[in-house]
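Everything on this sheet refers to the single structure shown next.
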Amino acid sequence: MSSLIEDVCELLDSYNGRDKVVRLACYAFKLYGCIIDDKPWQTAGSRLSNARLMLRLFDDIPMIRHTWTYGLGRHESSKYAAILGVLANAVDQAFLPVEKACWLYDVGVLKINPKAAETLETVSTGLWAASLFICLLQTSRSIRQLWWSRDCLQNSSEGGGADARKNLDVRLVLQAITAGKLCLDITHAVSCLPDGWLWGERIGGTKVAAIATTSSVIGIAMYFARKRLLK
């Protein structure tokens, strides 16, 4: 029991960990509010979503440092991986100021016409979806590499071959689950786009909340799974 409490405290002590917990609470509240048709629960979920946005307002400098450190990805094992890494950084870097502009408009600081504000919101959501899609491509590449490494060890007769294969099997399962989670997140992101953009606005609010809640549960479960299995 004490070990579980320590793990939960460690999760909450980190920025990314606390964001996972707040995200789960956000969409769980929204889902429950949609199911029982209760606006206060949905409002509570929206307030938590706003809390996550407030924290992201200060992510620019860490993101700039990450992008600068990554550079053109010369340390990557292939040009394909480097291109994906650079694209991911560019999309994430562009997303942050666009999201800030949307927030400034919502609070009345930024004075632009509603049409421009709608365009900004669409760009923000599109960048979010694009970032997730690039992550899915990176995860798919990682899965292919792990399969290749596993095949190389399949007939290994060395003493550590069995342990190495077991470790690769665990990583393959975790990466496959990650890919599934990203598919849920992409479905969620695209559903927030305006009507006419793929399946934008075609999935009901209850289903979107259910998709996001499931993704959030998987995200926290993966945190603990990696902590336990990848030692």
Side-chain angles (χ1 to χ4, degrees), residues 15-16 18-31 33-34 42-68 70 83-139 181-216 219:
Y15 171 79
N16 288 331
R18 183 165 297 192
D19 182 70
K20 291 179 188 297
V21 175
V22 176
R23 184 180 193 265
L24 173 59
C26 163
Y27 290 116
F29 283 8
K30 286 184 177 180
L31 175 60
C34 288
Q42 296 178 44
T43 300
S46 297
R47 295 284 178 86
L48 287 171
S49 180
N50 288 334
R52 295 181 67 219
L53 188 154
M54 292 300 100
L55 291 177
R56 285 198 302 272
L57 292 178
F58 305 97
D59 282 353
D60 295 79
I61 293 177
M63 187 65 216
I64 290 171
R65 182 187 64 177
H66 170 75
T67 301
W68 178 264
Y70 187 88
I83 290 172
L84 286 180
V86 171
L87 278 176
N89 290 338
V91 170
D92 291 341
Q93 197 72 67
F95 170 79
L96 293 172
V98 173
E99 185 181 48
K100 283 182 183 59
C102 293
W103 176 72
L104 289 171
Y105 172 77
D106 287 339
V107 298
V109 173
L110 183 62
K111 307 296 184 181
I112 57 176
N113 63 68
K115 184 66 175 178
E118 184 180 340
T119 300
L120 266 179
E121 189 67 37
T122 301
V123 170
S124 175
T125 306
L127 288 170
W128 172 30
S131 176
L132 292 169
F133 182 70
I134 294 171
C135 284
L136 181 60
L137 292 178
Q138 291 173 318
T139 301
K181 178 185 180 303
L182 286 168
C183 288
L184 290 175
D185 290 337
I186 291 170
T187 302
H188 174 201
V190 174
S191 70
C192 295
L193 287 169
D195 186 27
W197 293 69
L198 298 177
W199 56 87
E201 295 186 357
R202 295 184 184 180
I203 302 178
T206 303
K207 292 179 181 178
V208 170
I211 289 169
T213 302
T214 302
S215 169
S216 300

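We number each residue from 1, following the sequence as shown. Hydrogens, waters and symmetry mates are skipped; everything else that's a heavy atom, side chains included, is used.
- Note: L182 CG to T187 OG1 = 10.5 Å, rounded to the nearest 0.5 Å.
- Judged by distance alone, with hydrogens and angles left aside, the side-chain atoms of S49 form no donor-acceptor pair with the main-chain N or O of G45 at under 3.5 Å.
- Looking at heavy atoms from C-beta onward, T122 lies in side-chain contact with W197 at the 4.5 angstrom threshold.
- Heavy-atom neighbours of Y15 OH from other residues, nucleotides or ligands within 6.0 Å: above the threshold of 12.
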Walk me through it: do Q42 and S46 pass the test side chain to side chain contact (heavy atoms under 4.5 Å, CB included)? CA-CA 6 Å; Q42 296 178 44; S46 297; 5.5 Å; no

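- Under a 4.0 Å N-O distance rule, the pair D19/R23 does not qualify as a salt bridge.
- Remark: P97 pairs with D60 by the side chain to side chain contact (heavy atoms under 4.5 Å, CB included) rule, at least two apart or across chains.
- Residues L24 and K20 have side chains not in contact (no heavy-atom distance under 4.5 Å, counting atoms from C-beta outward).
- Shown here for A88 and I134, the closest heavy-atom pair between the two residues is CB-CG2, 3.8 Å.
- Side chains of E99 and C102 form no contact here, defined as non-hydrogen atoms less than 4.5 Å apart.
- Nearest heavy-atom pair across Y70 and V86 is CE2-N, 3.7 Å.
- T213 places a side-chain N or O within donor-acceptor distance of the main-chain N or O of A209, the cut-off being under 3.5 Å.
- Residues that satisfy the ring pair (Phe, Tyr, Trp, His ring centres under 6.0 Å) test with W103, not counting sequence neighbours, are absent from this structure.
- Using a 4.5 Å cut-off on side-chain heavy atoms (C-beta onward), S215 and Y27 make no contact.
- No donor-acceptor distance shorter than 3.5 angstrom exists from the side chain of S124 to the backbone of L120, with no hydrogens or angles considered.
- At distances below 3.5 Å, not a single donor-acceptor pair connects side-chain atoms of S131 with backbone N or O atoms of W128.
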